[in-house]
A.B. asks: 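I'd like to ask you about the structure that follows.
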Amino acid sequence: MPTPRHPQTVIIGAGPAGLTAAYQLASRGAPVSVYEADDVVGGISRTVVRDGWRFDIGGHRFFTKVARVDALWHEILPEEDFLLRPRMSRIYYQGKLYDYPLRPLNALRNLGLREAAFALGSYLRARLRPPRDQHANYESWLVARFGWRLYRTFFKTYTEKVWGIPVSQMPADWAAQRIKNLSLAAAVLDAIRPGRNRKEITSLIEEFHYPKYGPGMMWEEAARKVEKMGGTLTMNATVTAVHRENGRAVAVTVTAGSGQRHRLAADHVISSTPLSTLITSMDPPAPPSILEAARDLRYRDYLTVALVVPREFSFPDNWIYIHDPGVRVGRIQNYGSWSPFLVKEGRTCLGLEFFVFEGDDMWTKPDDQLIAQATAELEALQLIRPGAVEAGYVVRVPKAYPTYDQHYRRNVEIMREWLAEHAPNVHPVGRNGMHRYNNADHSMLTAMLTVENILDGTEHDVWTVNVEQEYHEERLTSGAGRITGTGRDAPMIPRG
Ligand SMILES: Cc1cc2nc3c(=O)[nH]c(=O)nc-3n(C[C@H](O)[C@H](O)[C@H](O)COP(=O)(O)OP(=O)(O)OC[C@H]3O[C@@H](n4cnc5c(N)ncnc54)[C@H](O)[C@@H]3O)c2cc1C
């Protein structure tokens, strides 16, 4: 009896989701072709290389509770390429560095007795006379619980930098979704509140795995292995159309950097392109109501300015959160702390992270001005001395964060339902592919389950990945409300 033919699968994107799918398919002998619009693999998890300096988009920890993802990481990269790195990150506020997760004594020392007393007073005032409507918005919810002073010190500025809107415009119900930052404020409160037991914060990931040349190393190796197993990977090749016939996708059009187009047949399409892009590339087009849902998805964008400085300005943290309102930078990565293999002798590379919107004043600034601004901010924070920056590089990342707003869930549902009916062999995976706040591990898991659905006929519901999963990186072991954080959820951002 002839063995059944494996289906031909086209994969859109060579990020973690696309390459995981390709790896799984190729390792089972199934034909697979990956098309990547960029000239490097890894997507948002790539390692950027400029003049021999290597840096992440942000910093990418390899941490997961999904055993099969962990196993795959170690299957792709040999053990000797993994470093086990200590995790350290602190909060910078008004010239002081606060341990994070917060330790009461360190917080008290940094705040000083006077400020701690003010914070306690402000807390007591809020408890005695809470804002009239504590559920009006996120700010009033927080102030009612922690008082204005702690709220301003440890919550307001960073949240606003990341999401780009005032906390007073965020809905209160995000609080119910376990917010990491709250654990910080709660711990400060615990430190200054009389008559309460000290809470102990346990961190479940004080060490993490990290490929010695950065996360891109994982995806460069995965790409090599996919090709070795017979899969094909084409770079600088954008999938610009998904063609449908008789209620299924039958082919894609790939447009090369030169503008040349090719049509390629496909039995299945695994897509990590943003869900909105996937829908708008359908041929014949999706109906107007579906296109409207696609165009209604929103994103938060990101840019990083990597600055080379002498090693004397290195710090032990992987990154520092910048809570000072006087500067635009939200976080500062120290790539030398991630891996000594990312930096050169006698120097480190600091990555200043700016959370932006595509097209805003920061996004459109020329690179030299961004480098000058990042340098000035580092100097203002007194993390370097004037004149210490030797080189700078800018990387802009559109659609870094899929935005959750009051319309997104419905929009995603509309597109999902339409795809299921009109192109059931098109499989959205990953982060933007599913418009889900997925980290690399969950992005990979969606790809693994999709491959099983294709090859084994299983019916995994890929859309349930990262929904309601317990994912606590830190937890308070006792105390009021047991406020815990996943670090993997995002607030609902109201549409103006
Ligand atoms: C600042 C920041 C820090 C992060 N830190 C961590 C961390 O510490 N740990 C962690 O696990 N995760 C982290 N993440 C999340 C992680 O980056 C993502 O989960 C992961 O990269 C998503 O993988 P993906 O394959 O779904 O998408 P992507 O990484 O976005 O890859 C998609 C790929 O598809 C390509 N593409 C898109 N459209 C087309 C098209 N039409 N044709 C061809 N190619 C196309 C893109 O060029 C890209 O290469 C972080 C994310 C950010 C923004």
Side-chain angles (χ1 to χ4, degrees), residues 10-22 33-47 55-66 69-70 73 85 87 89 162 205 208-210 214-216 218-219 222-223 233-242 252-257 269-281 299-304 318-319 330-331 333 338 351 353-356 395-402 428-447 450 465-466 471 473 487-488 490:
V10 162
I11 296 182
I12 310 180
L19 283 173
T20 297
S33 309
V34 186
Y35 295 96
E36 169 52 55
D38 218 323
D39 58 2
V40 285
V41 297
I44 300 174
S45 304
R46 89 194 82 145
T47 297
F55 45 90
D56 296 8
I57 309 294
H60 273 68
R61 275 182 300 159
F62 283 66
F63 165 72
T64 187
K65 288 195 164 181
V66 186
V69 166
D70 197 51
W73 284 336
R85 300 300 297 167
R87 173 201 163 152
S89 49
V162 174
I205 42 170
F208 59 90
H209 278 116
Y210 189 75
M218 170 73 65
W219 304 113
L233 167 62
T234 312
M235 304 300 293
N236 300 304
T238 307
V239 173
T240 46
V242 177
V252 297
T253 287
V254 177
T255 305
V269 178
I270 296 181
S271 168
S272 67
T273 198
L275 187 55
S276 46
T277 311
L278 175 68
I279 294 291
T280 53
S281 63
Y299 302 88
R300 182 79 166 141
D301 310 292
Y302 168 99
L303 72 82
T304 186
N318 309 100
W319 67 86
R331 259 186 332 200
Q333 302 284 336
W338 284 84
E353 300 181 87
F354 297 90
F355 306 97
V356 298
V395 181
R396 292 175 182 76
V397 186
K399 299 186 173 55
Y401 298 90
V429 291
R431 182 174 171 102
N432 284 326
M434 304 177 78
H435 204 80
R436 185 65 62 73
Y437 202 66
N438 283 335
N439 264 359
D441 60 340
H442 283 144
S443 302
M444 292 169 66
L445 184 59
T446 60
T450 297
V465 171
N466 196 12
Y471 228 96
E473 295 185 0
R488 291 173 185 237

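Nothing here was measured: the structure is a model prediction, and the numbers come from that model. In what follows, residues are counted from 1 in the order of the sequence shown. As the structure lists them, so they are numbered: ligands from 1, and atoms in each ligand from 1.
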A.B. asks: Can you find a side-chain donor-acceptor pair between Thr255 and Thr240 that sits under 3.5 Å?
C.D. replies: yes
A.B. asks: Measuring from non-hydrogen atoms of Asn432 to any atom of ligand 1, is the shortest distance under 4.0 Å?
C.D. replies: no
A.B. asks: Under 4.0 angstrom from ligand 1, any heavy atom of Thr277?
C.D. replies: no
A.B. asks: Please work out whether any backbone atom (N, CA, C, O) or any side-chain heavy atom from C-beta onward of Ala400 is under 4.0 Å from ligand 1, and answer side chain, backbone, both or neither.
C.D. replies: both
A.B. asks: To which of Pro398, Pro16, Gly15 does the heavy atom nearest atom 23 (O) of ligand 1 belong?
C.D. replies: Pro16
A.B. asks: Please work out whether any backbone atom (N, CA, C, O) or any side-chain heavy atom from C-beta onward of Phe62 is under 4.0 Å from ligand 1, and answer side chain, backbone, both or neither.
C.D. replies: neither
A.B. asks: Look up atom CZ in Phe55 and atom OG1 in Thr304, then write down how far apart they are to the nearest 0.5 Å.
C.D. replies: 7.0 Å
A.B. asks: Rounded to the nearest 0.5 Å, what separates atom NE2 in His209 from atom CZ in Phe63?
C.D. replies: 12.0 Å
A.B. asks: Hey, does the side chain of Ser443 reach the backbone of Ala17 with a donor-acceptor pair shorter than 3.5 angstrom?
C.D. replies: no
A.B. asks: Counting from 1, what ligand 1 atoms have a heavy atom of Thr238 closer than 4.0 Å?
C.D. replies: 40 (C), 41 (N), 42 (N), 43 (C)
A.B. asks: I need the contact type for Asn438 against ligand 1. Using non-hydrogen atoms and a strict under-4.0 Å cut-off, is it side chain, backbone, both or neither?
C.D. replies: backbone
A.B. asks: Specify side chain, backbone, both or neither for Tyr401, according to which of its non-hydrogen atoms lie closer than 4.0 Å to ligand 1.
C.D. replies: side chain
A.B. asks: Can you measure from CG (Leu19) to CG (Leu233) and round to the nearest 0.5 angstrom?
C.D. replies: 6.5 Å
A.B. asks: Hey, is Ser281 touching ligand 1 through its side chain, its backbone, both or neither, going by heavy atoms under 4.0 Å?
C.D. replies: neither
A.B. asks: On a heavy-atom basis, I'd like to know which of Arg61, His442, Glu36, Met434 is closest to atom 8 (O) of ligand 1.
C.D. replies: Arg61
A.B. asks: For ligand 1, is there an atom lying under 4.0 Å from some heavy atom of Gly59?
C.D. replies: yes
A.B. asks: So which of Val429, Asp39, Val239, Ile57 gets nearest to atom 2 (C) of ligand 1, if we judge by its closest heavy atom?
C.D. replies: Ile57
A.B. asks: Quick check: Tyr299 with His435 (ring centres under 6.0 Å apart)?
C.D. replies: yes
A.B. asks: Measuring only between side-chain heavy atoms, which start at C-beta, is Trp319 closer than 4.5 Å to Trp338?
C.D. replies: yes
A.B. asks: Looking at Tyr401, is Arg431 sitting on its ring face, NZ or CZ under 6.0 Å from the six-membered ring centre and within 45 degrees of the normal?
C.D. replies: yes
